[in-house]
Amino acid sequence: MLSRLNPRQREAVEYVGGPLLVLAGAGSGKTSVITTKIAYLIKECGIKAHKIAAVTFTNKAAREMKERVGKLVQGKESRGLTVSTFHNLGLNIIRKEHKTLGYKAGFSLFDDQDTKSLIKDLMHKDFQTDADIIGMVQHMISNWKNDLIEPEQALGLAENDKETLAAAVYREYDRHLQAYNAVDFDDLIRLPVRLFRDHPDILERWQNKIHYMLVDEYQDTNVSQYLLVKLIIGYRGALTVVGDDDQSIYAWRGARPENLVKLGEDFPSLRIVKLEQNYRSTSLILRAANTLIANNPHVYEKTLWSEMGQGEQIRVISCRNEDAEAERVVTEILTHRIKKDASYKDFSILYRGNHQSRILEIKLQAFQVPYKISGGTSFFARHEIKDIMGYLKILVNPDDDNAFLRVINMPRREIGPSTLEKLGTYANQRHISMFHACSELGLEQSLSEKQVDKLRRFNHWLEKTRQRCYQDDSISAIREMIHDIDYEGWLHQNSSSPQVAERRMANVRILVDSLQDTLKRMQDDDDSASIEDAIARLVLRDMMEQQAEEDDSDRVQLMTLHSAKGLEYPHVYIVGMEEDLLPHRNSIDDGNIEEERRLAYVGITRARQTLTLTMAAQRKQFGEMLNCTPSRFLDELPPEDLAWEGKEQEPDKAKRERGRAALDSLKKSLGL
DNA sequence: TTCTAAGATGTTTTT
DNA sequence: CATCTTAGAA
C-alpha cells in the first residue's frame, strides 16, 4: 500500500500522532495521500471506517475519493466511511439533530435561487429598492453567515446605509426561513457549529462518532467550516488537512486561505509536510505554471518539479472571433485525437464562465464530437425541475411558503396574486404557513367563497398526497402525483414544440429516478434515511453527477476552471484567454487579480501532456461585437515555451470589421 | 385572472 | 441576444 508513495507522501500517511498539515502542490499526489491514509487508518491503525470522516468541497471530488478508497479497502471494511462535501456533512448533522435546533422533520433546503427570490420579495415588500442590489445583499448575508455573525450583530456593525439595510434584510430573511422550516446552504455549516457550541453533550456524541478527520482543499475553508472542524476534532487533534494556497480560488465565497496559517497557531503541535514533486505534467507545462504563479505573493514557499520529460511547447492560438475559436478547438481535438491516438475523454475544454460553453456545445454537435458538460446550474435552474422540486419540497414540508407559491398555479388553479396576497397576510397574522391557513375557517372573512373553495381543494389534494407518500412507497406516490397534476400535459401546452416538451418531461423523469437512486444509496448507509432526507440531498446536487458518471463513456469534458480543480487531463484547452474574461472584468475592477491568476494556474496545472490556450480577437457581448485584448497572464508565461499562432494578422482584420460595424450602426441610426 | 407584447436588463466562479 | 419583467388588453 505504501510502496507506491515517495518518502514525503509516506510521511504524511504514516504520521498519526497529531494534527498534520500537508502542503501539496498541484499534481503532487494529494488525493493519493488522502485515500491511502484512509486505508492506512483502517488497516494499520485499527480505526473503524465509520469513525472516519473525509471532507472536500465538491461532489465530484468526493465521488472520486470514495471510488479510490474503494479500490484500496474492500467493501466490508469501508462500510460507513464518510466521504462527503462539507455541506453534506452539515446536512447529515442537522438531519439527526433537527429537533434540538428547532426544526421539524422534512425541513426544506433553500438553494441559491430560492434564497435570491426570498430576499427579493422581502426587499420589495418592506424596503424600497429596485436596483440590482439584491445580489449584493444576498452576498453580504452569506458572508455574515459564514463568519458566524448574527443579524443583531450585523446591525450593530453596519457602517453605512447599505449595510444597515442589508442587515435588516438579513434579520427578516432569517425569520422567514425559520417560519418556513427551511435552511439555506450557509446554515448547513452555521447551525452545526451553533449546535456544538451550545450543547457540549451533543458535541461529545459526535466526537465519538468521528475519531479521525481529513480535510481536502483546506485553503478553501471559511470561518465556520474551520470552526466546525475544530469543534469535532476537539483536544484529540486527530486531523489531517491537505491544501495549497496557490489553488485558493474561493475567496469570493468566504474562503480564508489564512486558515492554513491559523492552524499552526491553534495547534502548536502541528506537523507540516510539503509535497513538491509533481507527477502530472511535463516540465514545460509546470514551468509555465510556476512562472505565472511567481507573480503572486506566497505564504509558504514551495518549488514544484517533475520528471515527466520536457514535453511539447504550449500553444497559444488567436482566432478572429468566438465562433472561430470554438471551431478551432473542436477541429483541433479531432485531429489531435487521431495523431496522438487518444480518446475523447482525454481532452478537456476549460473556461471562466458557464455561458462560454454554449458556442462550444454548438460546434461540438456540428462536428459530432461526443461531449459532457459538467457543473453549471443548468439542470436545477430549469423550469420543469424547479416546479417538481417545489412539489417535492412542499410535500415533505408544508410550511415552505416559497414552494407553496411556486406550485400553487402550476398547473393553473386559478388562484391569482390578490387571493394569495390576502392569504399571505392572514397567514402572517396567525403565524402559520400559507398551506395551513388554507384550511382555517377565518379565511371566509377576507375572501370570497369561490376563492376559499379553490384553496381548500388544493389543500385537501396535497394532504391526501402527503398521506399516500408516507404510507405507501414514497417514490411511486410521487410518480402518481406528477401524473395527477398532469404535468406532462402542462408541459405540452406550454412548450414551443412537442420535442421540447418531451425533453422537459425526460428531465423530470431523470429527477425522479435520481431521487429514487439517492434514497436507495442513503438507506444502504443509514437505515433511518427517509424521503425528506433524499430530497434535501438532491438540492445539494449530489446525484446527477453520479448518474452521469456511471456511464463514463468516451467524451470530451467541458467545465469551468473552478470545477476543474482537483482533476487532470492529458490534453487541456483553455479558451477565452482575454482581458476582462480570464482576469474577469469584475476582478480587475476590485483589484482581485491574484485570485484570477490562481485560477489560470489551476487551469494550466490540469494538463498532463499538452496545453493549448486560445483567445478571440472579437467577441459578441449583448449582441454587440467587442474587441478583445489578450490576457495579461499570457505575458506572464515564459515566451520561449510558447508557440503562437495567428497573432499578427488579427489587428488589421479587426480594424476593418470594426469599421464595418460602425458603418452598419450609422446606417441603422439613419433608418436605412 | 390570464394572456400578450413591448421593454428593460443583464453574464463569474459553487454548495 | 435571450431572458425575464412589466404594463395593458381581453
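Quick note on labels: first sequence line is chain A, next is B, and so on, each numbered from 1.
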Handout entry: Given A/R253, A/K565, A/R256, the one that forms salt bridge (Lys or Arg N to Asp or Glu O under 4.0 Å) with A/D220
Key = A/K565

Practice task
May I ask you to evaluate whether A/T560 reaches the phosphate of B/dT14, defined as a side-chain N or O under 4.0 Å from OP1 or OP2?
Solution key: yes

Handout entry: Residue mapping more 5' on DNA chain B - nearest nucleotide basis, A/H584 or A/H87
Key = A/H584

Exercise for the section: Calculate the interatomic distance between A/I362 atom CD1 and C/dA2 atom C1'; express it in whole Å. Expected result: 13 Å

Exercise for the section: With A/V539 as reference, evaluate A/L109, A/D184, A/L392 under the side-chain contact (heavy atoms from CB on, under 4.5 Å) test and give the passing residue. Expected result: A/L109

Exercise for the section: Could you tell me whether the side chains of A/Q247 and A/Y601 share a donor-acceptor contact shorter than 3.5 Å? Expected result: no

Problem - Spacing between A/Q225 atom CD and B/dT14 atom P, to the nearest angstrom - result: 16 Å

Problem - Closest nucleotide among B/dT15, C/dA2, B/dT12 to the A/R358 side chain - result: C/dA2

Handout entry: Distance in angstrom units between A/Q138 CD and B/dT14 P, rounded
Key = 14 Å

Exercise for the section: Give a yes/no answer on whether the side chain of A/N354 brings an N or O atom under 4.0 Å of OP1 or OP2 in B/dT13. Expected result: yes

Exercise for the section: Under 4.0 Å between any heavy atoms, over every strand shown, what does A/D112 touch: base, sugar-phosphate, or nothing? Just pick one. Expected result: base

Problem - Aromatic-base stack, A/W252 on B/dT13, cutoff 5.5 Å, angle under 30 - result: yes

Fill in the blank from the handout: Whole-Å distance, A/D216 CG to B/dT15 P, equals 14 Å

Exercise for the section: Find the distance A/N146:CG to B/dT14:C1' and express it as a whole number of Å. Expected result: 12 Å

Exercise for the section: Pick the P atom in B/dT13 and in C/dC4, then give their distance to the nearest Å. Expected result: 16 Å

Exercise for the section: Return the value, rounded to whole Å, for the distance between atom NE2 of A/H355 and atom P of C/dA2. Expected result: 13 Å

Problem - Residue whose nearest DNA chain B nucleotide is more 5′ - A/I249 or A/K454 - result: A/K454

Handout entry: Rounded distance in Å - CD1 (A/I574) to C1' (B/dT13)
Key = 15 Å

Exercise for the section: Measure from the side chain of A/S563, starting at C-beta and using heavy atoms only, and say which of C/dT5, B/dT14, B/dT12 lies closest. Expected result: B/dT14

Practice task
Look at all strands and tell whether A/Y250 reaches a base, only sugar-phosphate, or nothing, counting heavy atoms closer than 4.0 Å.
Solution key: sugar-phosphate

Problem - Sequence-distant partners of A/D187, side-chain hydrogen bond (donor to acceptor under 3.5 Å, both in side chains), two or more places apart - result: A/K145, A/R190

Exercise for the section: Please name all residues satisfying salt bridge (Lys or Arg N to Asp or Glu O under 4.0 Å) with A/K30, sequence neighbours left out, ordered by chain then number. Expected result: A/D216, A/E217

Completion exercise
Considering only heavy side-chain atoms of A/H562, the closest of B/dT15, B/dT14, C/dC4 is B/dT14

Exercise for the section: Could you check how far OH of A/Y351 sits from P of B/dT12, rounded to whole Å? Expected result: 16 Å

